[in-house]
Amino acid sequence: MESFIGHPSVGLLSPSDRCTGTGGHKQSNAQDAVQNLRLALSEHFLGASFWLDIEQDPTVRGMCYGVSHSRNVLIFLTEGITDSKFCRMEMRWALEANRNLILVKETDDRHGKPNMETLIERCPDDLKHIFSENVIIPWFRDPEFRAVSVEKILQRIAVDPRRTESTGRRYGKGGEGEDAEVFDRSFVIYSVMFGVVLPGAGSNTRRWAAAVRIIIFTCGVLCTTRLFTPEGPGFLDYATIIQAVTAHFMVFFQLHVMLDLLRSVEVQDLLENHIDCPKEGKKLKFKTKVLTAIVLLLTAVLSCWGWVGYLPGFWHPYYMASGNIFIAYGIAHGLAFLLILPIFFGSYFAILTIMFTLQELCNMAFLTAYNELNLVLEEEGLEAVALKGEGINVSEMDLYCFQVKYAKSWDLYKKILGQALPC
């Protein structure tokens, strides 16, 4: 397995005579692809160094050092690569050192195009997960198609292996422990009560969320009937009733938009792949806890205000003692206000809180991109480093990683903002 290892940026492992036990022609084929890759990548990373195992210390110790001290290890897949004990050793060293693995597959039969099913089948069990956890990038020798391969490789190189924990484990759906929670538990309970489904919610919660939308829509329709019954103390004026009806349908629409947004691929991608700010995550969790206390108080106060203002009018003797259909009118509207008003205000405030939180999450994605510039930014925070007024060392590779991550986060932010605009 020839290794073209960037120290500290890129590594590539490909079959050679020494590693695969095959003929020298396969070594020359691999070398051709390796040299082209090294040339293409060096054009994008000025100053980056590359380590090729057949050009360096050929001992086991030398190979281990080269693999372990490279930021990225690129494995060039050709026929028989997983049969070699040296190739397997280098893969294991890369895993133990937590290197960023990049898989590239030969596509030309004349140069050792592998049968992936056979290659994986002959791979040891402890290494098979490499092929399921990493995207395999095809390598084309035609210059036009090769540019696509190089671009895909450059995108994978932007992953920084210095991060030992993935964003998905910290903030994604599969998170474990307190660090995996963006929302405080009090807000999760609050949102569930009022029909707002957060990512990862169960089927019963989703059904309740659908029921809440139906309830609010039905209440809006019920309020509309008040336009046709101006008699009695339950009627205020047409302008007030129109405002109440409009508010119901507005909250119904906002709920629909927000629930679709929370289920969107963009939000899942944001949580799982673009946020790695534990300190900011804890701050956000505290903010949602404080906001939950505030909106819970507002929900209670405004609900009580609505009950005091409207219930006496609906349950007035004018309706209750009428002896006709107005009894049902008074009871129905009174119960609707009693039961639905907390849901109405609770859903509205939950939507506002989630909109604030999504904005904060997008900001955290931008901060994660800045962390790529230097580990000091991740450890101390962007604001603290800026206030110091001291310079930091930024390499070409770190700058490229920052540019890629920031561009992706900005594109994701625009998509999320576009979906949230109707709210």
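All values below were derived from every heavy atom in this structure, side-chain atoms included, with hydrogens, water molecules and symmetry-related copies excluded.
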Where do [X] and [Y] come nearest, in terms of heavy atoms and distance?
X: Pro138; Y: Ser149; value: O-OG, 2.6 Å
X: Asp184; Y: Lys285; value: CB-O, 3.6 Å
X: His248; Y: Cys219; value: NE2-SG, 3.1 Å
X: Leu367; Y: Leu382; value: CD2-CD2, 3.8 Å
X: Val221; Y: Phe249; value: N-CZ, 4.0 Å
X: Ala350; Y: Val196; value: CB-CG2, 3.7 Å

### Message
salt bridge (Lys or Arg N to Asp or Glu O under 4.0 Å), that's the test. Do Asp142 and Arg146 meet it? Break it down for me.
### Response
CA-CA 6 Å; Asp142 183 279; Arg146 185 193 305 166; over 6 Å; no
### Distance in Å, Ile120 CD1 paired with Ser132 OG, rounded so as to fall on 0.5 Å steps
8.0 Å
### Task
Kindly compute the distance separating OG1 (Thr292) from CG (Leu297), expressed to the nearest 0.5 Å.
12.5 Å
### Task
Take Lys128 and Asp125 through the salt bridge (Lys or Arg N to Asp or Glu O under 4.0 Å) test and state the conclusion after the steps.
CA-CA 5 Å; Lys128 287 182 178 179; Asp125 292 338; 3.3 Å; yes
Could you pull out all residues at least two apart from [X] that satisfy side chain to side chain donor-acceptor pair (under 3.5 Å)?
X: Lys287; value: Glu360
X: Glu383; value: none
X: Asp109; value: none

### Message
Using the rule given for side-chain contact (heavy atoms from CB on, under 4.5 Å), can you reason through Leu361 versus Met364, listing the C-alpha separation, both sets of side-chain angles and the distance that settles it, and then say yes or no?
### Response
CA-CA 5 Å; Leu361 289 171; Met364 288 168 62; 4.1 Å; yes
### Message
Taking ring pair (Phe, Tyr, Trp, His ring centres under 6.0 Å) as the definition, give me every residue that meets it alongside Phe349, ordered by chain and number, with sequence neighbours left out.
### Response
none
### Summary
Applying ring pair (Phe, Tyr, Trp, His ring centres under 6.0 Å) to Phe140 and not counting sequence neighbours gives Phe145
### Message
With side-chain contact (heavy atoms from CB on, under 4.5 Å) as the criterion, how do Met91 and Ile75 come out once you've worked through the C-alpha distance, each side chain's angles and the decisive distance to 0.1 Å?
### Response
CA-CA 8 Å; Met91 290 181 188; Ile75 305 174; 4.1 Å; yes
### Query
Ile137 pairs by side-chain contact (heavy atoms from CB on, under 4.5 Å) with which of Val150, Leu77, Ile102, Leu103?
Ile102
### Query
side-chain contact (heavy atoms from CB on, under 4.5 Å) with Met258: which of Arg263, Gln419, Met355?
Met355
### Message
Does Tyr190 form a side-chain hydrogen bond (donor to acceptor under 3.5 Å, both in side chains) with Thr299? I'd like the steps, not just the answer.
### Response
CA-CA 11 Å; Tyr190 176 86; Thr299 301; 2.9 Å; yes
### Query
What do the steps show when you test Leu95 against Leu101 for side-chain contact (heavy atoms from CB on, under 4.5 Å), and what is the final call?
CA-CA 8 Å; Leu95 291 173; Leu101 297 182; 3.7 Å; yes
### Query
Aromatic rings Phe252 and Phe217: how do their planes relate, parallel, tilted or perpendicular, breaks at 30° and 60°?
tilted
### Query
Do the rings of Trp139 and Phe76 sit parallel, tilted or perpendicular, given the 30° and 60° boundaries?
perpendicular
Between the side chain of [X] and the main-chain N/O of [Y], is any donor-acceptor distance below 3.5 Å?
X: Ser347; Y: Phe194; value: yes
X: Asp411; Y: Ala407; value: no
X: Ser264; Y: Leu261; value: yes
X: Ser303; Y: Ala300; value: no

Please output the side-chain donor-acceptor pairs of residues 205-214 that fall under 3.5 Å, not counting sequence neighbours, one pair per line with the distance.
{"unit_1": "Arg206", "atom_1": "NH1", "unit_2": "Ala201", "atom_2": "O", "d": "2.7"}
{"unit_1": "Arg207", "atom_1": "NH2", "unit_2": "Asn204", "atom_2": "OD1", "d": "2.4"}
{"unit_1": "Trp208", "atom_1": "NE1", "unit_2": "Val192", "atom_2": "O", "d": "2.9"}
{"unit_1": "Trp208", "atom_1": "NE1", "unit_2": "Met193", "atom_2": "O", "d": "3.2"}
{"unit_1": "Arg213", "atom_1": "NH1", "unit_2": "His256", "atom_2": "ND1", "d": "3.2"}

### Task
Would you check, one step at a time, whether the test side-chain contact (heavy atoms from CB on, under 4.5 Å) holds for Asp269 with His274?
CA-CA 7 Å; Asp269 186 22; His274 294 272; 3.3 Å; yes
### Query
Between Tyr348 and Phe344, does the ring centroid distance fall short of 6.0 Å?
no
### Task
For salt bridge (Lys or Arg N to Asp or Glu O under 4.0 Å), just list the numbers for Lys113 and Asp108, CA-CA rounded to whole Å, side-chain angles, deciding distance to a tenth of an Å, and then say yes or no.
CA-CA 5 Å; Lys113 175 184 177 181; Asp108 194 328; over 6 Å; no
